[in-house]
There are 2 protein chains.
Amino acid sequence: MKTLEDLSNELKRKNIRLTHQRLKILEYLSNSKTHPTVEEIYHALKNEVPSLSKTTIYNTLNYLSELKLIKTLIVDDNEARFDAVTGSHGHFKCDECGKIYDFDLNTEAFDTEYLDDFKVNEKIVYFKGICPGCLSKI
Amino acid sequence: MKTLEDLSNELKRKNIRLTHQRLKILEYLSNSKTHPTVEEIYHALKNEVPSLSKTTIYNTLNYLSELKLIKTLIVDDNEARFDAVTGSHGHFKCDECGKIYDFDLNTEAFDTEYLDDFKVNEKIVYFKGICPGCLSKI
DNA sequence: TTATTAGTTTGTAATCATTACAAGGTAGAA
DNA sequence: TTCTACCTTGTAATGATTACAAACTAATAA
Ligand SMILES: [Mn+2]
Ligand SMILES: [Mn+2]
Ligand SMILES: [Zn+2]
Ligand SMILES: [Zn+2]
């Protein structure tokens, strides 16, 4: 559970201007495990930060994403999702309930000799199927 | 290089109604290695099939995708791309020129013990970086 | 061949996530 | 406190995709 103070320090260290909105958005994302959409963040924060606009959420998330402080997830539906966990890990999307799970992943295990002449900057791995909870209900 | 006749037989075997539009779209996609967008397919075919509408391209691609005859690729830009190669393989997107390359991939090599209780139906792997052609130009 | 009909194509309008823009507001430095 | 570059906000624009309804046609059977 990251506090506002933790996040303040993180942004200060990176010379990112501290604003109430940025801190609240980053706080929400950091303490979330659901890879929320812009819409979800907006609804979660609008009571606490009534002036908050969706444009600010887009701006903030895109900015933090450029700075590699968060990750933007593209899954097969039509809304971007965001992840404060920037270390390499895989995602599992349940086709039944829509939940997105994290899982550990050894990206070195890929046998990619074909790509020897390519400069690989990012490895995205994403599985689809049915989660244990949904499997037990069928 | 698949002919219209090859594709006709393929659709007949699957009991998919044969239409001129479907055959042309599938022919174009089958002989393409660029993972084209709807827009690209539309521009490539509109001279040969002047009546063709984008809605038909969407309908056709979505239908063939449901039937697992083609694959829909979600990359990090905002347009879906399509692939007639349905076997398991990875994609590499060059951040410089935008090209999408195929590469062989042994999906069994993933160490995914965490997912033992999950039913995995699909494994999507997608790398980003710079391709050899663009690397040599820098 | 012709008639029938369920499925297909097409153009247009609607939807919806995201971005552009400009005006007003504010963090941080001096 | 003042200044200014940067940030936030609401609204409008964009662009990919889908909804819809009318016209059309592939496939089947008489
Ligand atoms: Mn994650
Ligand atoms: Mn491919
Ligand atoms: Zn589930
Ligand atoms: Zn390239």
Side-chain angles (χ1 to χ4, degrees), chain A residues 4-5 7-28 35-43 45-67 69-70 72-82 98, chain B residues 4-5 7-28 35-43 45-67 69-70 72-82 98:
Chain A
L4 282 180
E5 205 185 336
L7 296 166
S8 285
N9 292 330
E10 213 167 315
L11 296 187
K12 270 184 198 153
R13 222 179 303 124
K14 298 259 184 182
N15 281 319
I16 298 166
R17 192 176 284 204
L18 281 175
T19 68
H20 185 54
Q21 291 87 339
R22 282 182 180 169
L23 283 170
K24 283 311 216 176
I25 292 167
L26 192 52
E27 180 192 42
Y28 182 79
H35 307 91
T37 63
V38 165
E39 199 62 33
E40 283 165 39
I41 298 172
Y42 179 68
H43 280 110
L45 294 182
K46 70 177 177 187
N47 284 324
E48 221 178 333
V49 189
S51 79
L52 186 64
S53 108
K54 272 185 203 172
T55 301
T56 298
I57 302 178
Y58 279 107
N59 288 341
T60 298
L61 295 172
N62 289 343
Y63 184 49
L64 296 177
S65 209
E66 272 170 34
L67 298 173
L69 273 172
I70 65 173
T72 303
L73 254 58
I74 305 293
V75 289
D76 60 354
D77 47 24
N78 50 343
E79 273 178 306
R81 293 174 167 275
F82 299 89
Chain B
L4 282 179
E5 204 185 336
L7 296 167
S8 285
N9 292 331
E10 213 168 315
L11 296 187
K12 269 184 200 153
R13 220 180 305 126
K14 297 259 183 180
N15 281 320
I16 298 166
R17 192 176 286 206
L18 281 176
T19 68
H20 186 53
Q21 291 87 338
R22 281 181 180 170
L23 283 170
K24 284 310 217 174
I25 293 167
L26 192 52
E27 180 193 40
Y28 182 80
H35 307 91
T37 62
V38 165
E39 198 64 32
E40 284 164 38
I41 297 172
Y42 179 70
H43 281 109
L45 294 181
K46 72 177 174 186
N47 286 323
E48 221 180 334
V49 190
S51 80
L52 186 64
S53 108
K54 272 186 205 172
T55 302
T56 298
I57 302 179
Y58 278 107
N59 287 342
T60 299
L61 294 173
N62 288 344
Y63 183 48
L64 296 177
S65 208
E66 273 171 33
L67 297 174
L69 273 172
I70 65 173
T72 303
L73 254 58
I74 305 294
V75 289
D76 58 355
D77 47 23
N78 49 342
E79 273 177 305
R81 293 173 166 275
F82 299 88

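Proteins get letters first, then strands, A, B, ... in listed order; numbering begins at 1 in each. For the numbers below, each heavy atom of this structure counts, side chains included, while hydrogens, waters and symmetry mates do not.
- As a whole-Å value, the separation of A:N62 CG from D:dT8 C1' is 15 Å.
- Checked against C:dT26, D:dT9, D:dT18, the side chain of A:R17 finds its nearest nucleotide in C:dT26.
- Minimum atom distance to the side chain of B:V38 is reached by D:dT17, of the listed C:dT19, D:dT17, D:dT8.
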Worked check of side-chain contact (heavy atoms from CB on, under 4.5 Å) between B:I57 and B:L45: CA-CA 10 Å; B:I57 302 179; B:L45 294 181; 5.7 Å; no
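- Side-chain atoms of A:T60 lie closest to D:dT8 of the nucleotides D:dA26, C:dA17, D:dT8.
- The distance between atom CG of A:L23 and atom P of C:dT26, rounded to the nearest whole Å, is 16 Å.
- Closest to the side chain of A:R22, from the set C:dT9, D:dC7, C:dA27, is D:dC7.
- Here B:I41 contributes atom CD1 and B:K46 contributes atom NZ; the two are 14.0 Å apart, rounded to the nearest 0.5 Å.
- One finds the CG atom of A:L69 at 5.0 Å from the NZ atom of A:K14 (value rounded to the nearest 0.5 Å).
- Using a 4.0 Å cut-off on heavy atoms, the residues of residues 48-56 of chain B that approach DNA chain D are B:T55, listed by number.
- When the local axes at the two ends of the helix from C:dT1-D:dA30 to C:dA30-D:dT1 are compared, using 5 base pairs at each end, they differ in direction by 30° after rounding to 10°.
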Derivation of the salt bridge (Lys or Arg N to Asp or Glu O under 4.0 Å) call for A:E27 and A:K24: CA-CA 5 Å; A:E27 180 192 42; A:K24 283 311 216 176; 3.3 Å; yes
